[in-house]
Peer 1: 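Dumping the structure here so I can ask a few things about it.
So that the names make sense, note that chain A is the first sequence line, chain B the second, and so on, each numbered from 1.
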2 protein chains.
Amino acid sequence: MPPYTEQPGEQGVTIADRVFSRLRKAIVEGQIPAGSKISEPELATEYGISRGPLRDAMGRLEACHLVERRANVGARVVSLSQEDLLELYLLREALEGMAARLAAERMPATEIDSLRQLLKQHEQRADVKDGIAYFQKEGDLDFHYRIIQASGNARLIQFLCNELYHLMRMYRYQFGMASSRARIAFREHRHIVEAIADRDPEMAELIMRRHIRSSRVNVEMLFDAQASLTRRQGQNLGATG
Amino acid sequence: MPPYTEQPGEQGVTIADRVFSRLRKAIVEGQIPAGSKISEPELATEYGISRGPLRDAMGRLEACHLVERRANVGARVVSLSQEDLLELYLLREALEGMAARLAAERMPATEIDSLRQLLKQHEQRADVKDGIAYFQKEGDLDFHYRIIQASGNARLIQFLCNELYHLMRMYRYQFGMASSRARIAFREHRHIVEAIADRDPEMAELIMRRHIRSSRVNVEMLFDAQASLTRRQGQNLGATG
DNA sequence: TAACCTAATATTGTTAACAATCCGGATCCA
DNA sequence: TGGATCCGGATTGTTAACAATATTAGGTTA
């Protein structure tokens with residue numbers, strides 16, 4: 001279970017709220033494939049509801065940029081591009097750098113302790129110890145999530161946690177993004193916490209920005225490797241065909 | 001008959017699209033007062049449409065954080081706080097700083113020329129010459145708008161131009177925000193263009209950030225002045241009552 | 001054979017009626 | 001007099017039928 005989606009009990013009281021949450025989860029986790037067409041009557045019967053609240057939910061998904069609609073044609077799940085992911089990282093670098101700076105100024109001491117304990121938990125986990133799975137799991141997002149929350153800037157929190165966060169999760173589910181940076185990323189997280197505990201805003205921002213930039217570079221290399229691999233396969237296909 | 005016709009470019013093909021644009025404009029420009037309740041049947045008859053597309057539009061406005069809805073209670077236009085505006089400026093400082101940096105790297109020379117001409121037009125305008133009205137008019141947003149567009153980062157453009165931009169306009173309409181910074185702001189714009197023309201990303205970002213931070217400080221002082229004025233008036237009322 | 005026009009079909013957009021829920025005021029009781 | 005309860009009005013949430021539009025398949029013609 002993801003650590004911080006809207007409560008699975010569904011806080012939304014209306015049908016549209018609930019179906020919105022469910023659809024968002026289904027899209028983010030890839031149960032509805034990216035780029036696939038969404039049929040309103042089909043979904044309505046599947047969820048056992050009418051098209052009214054479904055359309056309401058679709059409108060919100062469109063506003064969240066998770067689906068694209070064309071009049072009289074239909075709605076499709078957005079298809080994610082590699083360029084878009086890299087742009088997303090640039091945004092995160094700017095915004096989470098800012099969040100780290102603010103957190104260093106404002107985060108309560110008790111919260112910092114709690115954050116340290118979270119990292120301790122991560123450290124204990126076997127997959128992190130083996131350095132094979134940290135960055136791509138929810139734990140990483142959980143860490144970032146807390147720092148964003150500590151920024152105290154409601155609109156920053158809003159944007160990062162309610163929009164970009166879901167997109168990042170969607171990318172992770174879709175691309176996998178196994179990282180060789182697990183140990184490094186974990187160490188960077190520790191440094192960020194230390195900077196916050198030292199009440200050193202500039203340092204916190206600097207490390208956070210570098211942290212995210214490193215992630216971006218890592219993903220970029222991954223894409224390049226995939227591209228060259230695909231190119232080689234294409235050549236092979238051309239030779240055999 | 002509608003009070004104003006659809007603007008080209010803004011209009012969607014469906015009723016929900018059009019009513020969404022119209023409602024957003026009405027909210028941003030204060031024709032529907034902030035914090036006021038929105039009655040669905042009332043609006044539906046006023047716009048001559050049914051509640052279906054209206055509800056669709058309301059859902060999108062909610063996703064844009066321009067209205068707040070409570071189930072079985074109704075929708076209200078958001079009420080803006082001074083703290084929120086200051087948070088908005090912090091966000092803009094980070095994001096538009098980034099936009100300026102990217103613009104310095106990527107903006108085509110022809111676009112830079114066009115931007116220079118825009119500033120020349122601003123310079124000619126009487127109100128700017130008098131230093132009484134530049135910052136709070138659309139011209140300022142227009143300048144920032146172009147630099148954001150030049151960043152080439154689709155998601156950054158999306159967020160700044162489709163969400164924050166409307167909120168900033170809403171604040172300007174609501175609070176007025178006459179600025180004593182007109183001449184200074186104009187000069188800062190010129191410096192930003194020069195940095196972009198020099199292909200100096202760091203400088204462009206630096207000046208842009210300082211430019212927005214100065215605006216924020218200016219607004220902050222304005223708020224403080226208003227607060228002390230209100231306090232004094234409150235004392236007077238207490239004395240006379 | 002390919003291109004173009006036409007019609008069928010399925011999908012979406014829209015509407016109006018129906019049901020569920022909340023808010024305010026009157027009434028009743030302590 | 002104070003408070004709690006219940007009822008009425010109004011508003012929103014939901015549903016299913018109706019209308020408009022785009023896509024697709026088929027046939028005709030150059």
Peer 1: For A/A16 and for A/N72, locate the closest nucleotide of DNA chain D by heavy-atom distance; then report the residue assigned to the nucleotide nearer the 5' terminus.
Peer 2: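 Counting from the 5' end, the first nearest nucleotide belongs to A/A16.
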
Peer 1: Looking at every strand, decide which applies to B/I38 at a 4.0 Å heavy-atom threshold: base, sugar-phosphate, or nothing.
Peer 2: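 Since only primed, P, OP1 and OP2 atoms lie under 4.0 Å of B/I38, the category is sugar-phosphate.
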
Peer 1: Quickly work out the B/E62 CD to D/dG13 P distance and round it to whole Å.
Peer 2: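 It is 9 Å, rounded to the nearest whole Å.
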
Peer 1: Grab the NZ-P distance between A/K37 and D/dA22 for me, whole Å please.
Peer 2: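 Computing the A/K37:NZ to D/dA22:P distance gives 14 Å.
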
Peer 1: Applying a 4.0 Å non-hydrogen cut-off, can you work out what B/G74 is touching in the nucleic acid: base, sugar-phosphate, or nothing?
Peer 2: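 Sugar-phosphate, no base atom in range.
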
Peer 1: Nearest whole angstrom, please: distance from the C1' of D/dA19 to the CD1 of B/I15.
Peer 2: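 Going from CD1 in B/I15 over to C1' in D/dA19 covers 11 Å.
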
Peer 1: Can you say whether the rings of A/H144 and A/H189 are parallel (under 30°), tilted (30 to 60°) or perpendicular (over 60°)?
Peer 2: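 Perpendicular.
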
Peer 1: Report the distance from atom CG of B/L43 to atom P of D/dT12, rounded to the nearest whole Å.
Peer 2: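 Checked: the CG to P distance equals 10 Å.
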
Peer 1: Please check the phosphate of C/dG13 (OP1 and OP2 only) for any side-chain N or O of B/R18 closer than 4.0 Å.
Peer 2: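 No, B/R18 has no side-chain N/O under 4.0 Å of OP1/OP2 on C/dG13.
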
Peer 1: Measure the distance from CZ on B/R51 to C1' on D/dA10 and round it to the nearest whole Å.
Peer 2: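 One finds 12 Å between C1' of D/dA10 and CZ of B/R51, rounded.
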
Peer 1: Is it the case that D/dG13 (base atoms only) and B/R69 (side chain only) share a donor and an acceptor within less than 3.5 Å, ignoring hydrogens and angles?
Peer 2: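 No, the side chain and the base share no sub-3.5 Å donor-acceptor pair.
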
Peer 1: Which class fits the ring pair B/F223 and B/F175: parallel under 30°, tilted 30 to 60°, perpendicular over 60°?
Peer 2: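 Ring orientation, 0 to 90° scale: perpendicular.
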
Peer 1: Can the positive tip of A/R22 be found less than 6.0 Å from the middle of the six-membered ring of A/Y47, inside 45° of the ring normal?
Peer 2: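 Relative to the ring axis of A/Y47, which defines the angle, A/R22 lies inside both limits.
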
Peer 1: Relative to the 5' end of DNA chain D, which residue comes earlier, A/V73 or A/I49, by the nucleotide with the nearest heavy atom?
Peer 2: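 That would be A/I49.
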
Peer 1: C/dT14 P sits how many Å from A/D56 CG, rounded?
Peer 2: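 Rounding to the nearest Å, CG of A/D56 and P of C/dT14 are 14 Å apart.
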
Peer 1: Contact class for B/A75 (heavy atom, under 4.0 Å): base, sugar-phosphate, or nothing?
Peer 2: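 Nothing, no heavy atom under 4.0 Å.
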
Peer 1: Just checking, is any N or O donor in the side chain of B/S151 or B/R101 under 3.5 Å from an acceptor N or O on the other one?
Peer 2: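 Per modelled atom types, B/S151 and B/R101 side chains form no pair under 3.5 Å.
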
Peer 1: Rounding to a whole Å, what distance do you find between A/R55:CZ and C/dT14:P?
Peer 2: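 Taking CZ of A/R55 and P of C/dT14, I get 7 Å after rounding.
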
Peer 1: Contact class for A/R70 (heavy atom, under 4.0 Å): base, sugar-phosphate, or nothing?
Peer 2: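 Sugar-phosphate: the residue A/R70, judged by heavy atoms under 4.0 Å, touches backbone atoms but no base.
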
Peer 1: Between B/E40 (CD) and C/dT21 (C1'), how many Å, whole number?
Peer 2: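 Whole-Å distance recorded here is 14 Å.
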
Peer 1: Report yes if a side-chain nitrogen or oxygen of A/T14 is closer than 4.0 Å to either non-bridging phosphate oxygen (OP1 or OP2) of D/dT12; otherwise report no.
Peer 2: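 Answer no for this pair, as no side-chain N or O of A/T14 is under 4.0 Å from OP1 or OP2.
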
Peer 1: Side chain of B/Y89, backbone of B/V219: donor and acceptor closer than 3.5 Å?
Peer 2: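 Checked: no pair found.
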
